[in-house]
Amino acid sequence: MSAQNSAGIQTLLDAEREASKIVQKAREYRTKRVKEARDEAKKEIEAYRAEKDAEFKKFESEHTQGNKQAEDEANKEAETKIVEIKEAGKAGEAKVVEELLSAVFDVQPHPLD
């Protein structure tokens, strides 16, 4: 009976060692899979970030360019108006100067009441 008990105990110890090996392999596999999943997620995040950055840069360049065009057009329009005002001022300049000089030199006194 002692030999049978010893053989039974040995069988249980062998089974326990085998189970321990299986559990260890499962833990190693799980750790490996978690690491792989984390790496895959990082790659996906980086790809997504790069895609969104590219979209943003495209959007920004399109809208900045539109603003630049609008700004250029506004500047051209302002320059045109400035030129028109200066020309109008020059056209009436002689008359305005003449009227100012006339008002200063041709004094017409009025009696104070």
Side-chain angles (χ1 to χ4, degrees):
M1 232 181 178
S2 174
Q4 273 187 335
N5 283 344
S6 184
I9 291 173
Q10 189 60 41
T11 303
L12 286 174
L13 289 173
D14 290 343
E16 188 178 344
R17 272 189 230 108
E18 188 63 31
S20 180
K21 286 179 185 177
I22 291 171
V23 168
Q24 183 61 31
K25 284 183 181 179
R27 283 184 183 144
E28 289 171 0
Y29 177 76
R30 186 185 75 205
T31 302
K32 180 182 171 189
R33 270 305 297 144
V34 167
K35 186 178 183 295
E36 288 173 354
R38 188 177 298 127
D39 291 343
E40 288 174 20
K42 283 181 183 177
K43 286 179 185 175
E44 286 181 25
I45 290 169
E46 284 303 316
Y48 182 77
R49 180 178 287 135
E51 177 185 342
K52 291 301 173 184
D53 281 347
E55 285 179 20
F56 176 72
K57 286 179 182 175
K58 179 182 176 192
F59 175 85
E60 188 178 43
S61 70
E62 287 173 357
H63 289 80
T64 302
Q65 188 177 32
N67 288 342
K68 180 72 173 150
Q69 287 174 343
E71 186 179 334
D72 289 344
E73 287 177 20
N75 286 339
K76 285 179 186 176
E77 204 172 297
E79 277 299 316
T80 303
K81 292 290 183 186
I82 290 170
V83 168
E84 287 176 10
I85 291 169
K86 285 182 178 178
E87 287 175 358
K90 283 185 180 182
E93 181 179 21
K95 184 178 178 188
V96 170
V97 169
E98 185 181 317
E99 288 178 5
L100 281 173
L101 290 174
S102 173
V104 170
F105 293 118
D106 298 336
V107 178
Q108 307 257 333
H110 293 291
L112 295 174
D113 291 330

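Computed from a predicted model, the values in this text were never measured in an experiment. Computed from heavy atoms alone, side chains included, the values below leave out hydrogens, waters and symmetry copies.
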Review point. Is a side-chain donor or acceptor of S61 paired with a backbone partner of K57 at a separation under 3.5 angstrom?
Key: yes
Review point. Among pairs that include at least one residue of residues 32-59, which meet ring pair (Phe, Tyr, Trp, His ring centres under 6.0 Å), considering only residues two or more places apart or in two chains?
Key: F59-H63
Check your understanding: Just wondering, are more than 12 heavy atoms of other shown residues or ligands nearer than 6.0 Å to CZ in R27?
Key -> no
Exercise for review: Drop me the distance from R33's CZ to E40's CD, to the nearest 0.5 angstrom.
Suggested key: 5.5 Å
Review point. Taking atom CD1 of I9 and atom CD of E16, what is their separation to the nearest 0.5 Å?
Key: 12.0 Å
Check your understanding: Is E46 close to K42 at the side-chain level, that is, under 4.5 Å between some pair of heavy atoms?
Key -> no
**Study point:** Verdict with supporting geometry, K58 and E55, salt bridge (Lys or Arg N to Asp or Glu O under 4.0 Å)
**Key:** CA-CA 5 Å; K58 179 182 176 192; E55 285 179 20; over 6 Å; no
Review point. Going hydrophobic residue to hydrophobic residue with side-chain gaps under 4.5 angstrom, can you get from V104 over to V97?
Key: yes
Exercise for review: State the CZ-CG distance between R49 and D53, to the nearest 0.5 angstrom.
Suggested key: 7.5 Å
Review point. If you round to the nearest 0.5 Å, how far is CG of L100 from CD of E98?
Key: 10.5 Å
Point to revise | salt bridge (Lys or Arg N to Asp or Glu O under 4.0 Å) contacts in which one or both residues fall within residues 77-87, not counting sequence neighbours | key: none
Check your understanding: Should the heavy atoms of other residues, nucleotides or ligands under 6.0 Å from CD of E51 be counted, would the total exceed 12?
Key -> yes
Check your understanding: Would K35 and D39 satisfy salt bridge (Lys or Arg N to Asp or Glu O under 4.0 Å), going step by step from the backbone distance to the final call?
Key -> CA-CA 6 Å; K35 186 178 183 295; D39 291 343; 3.6 Å; yes
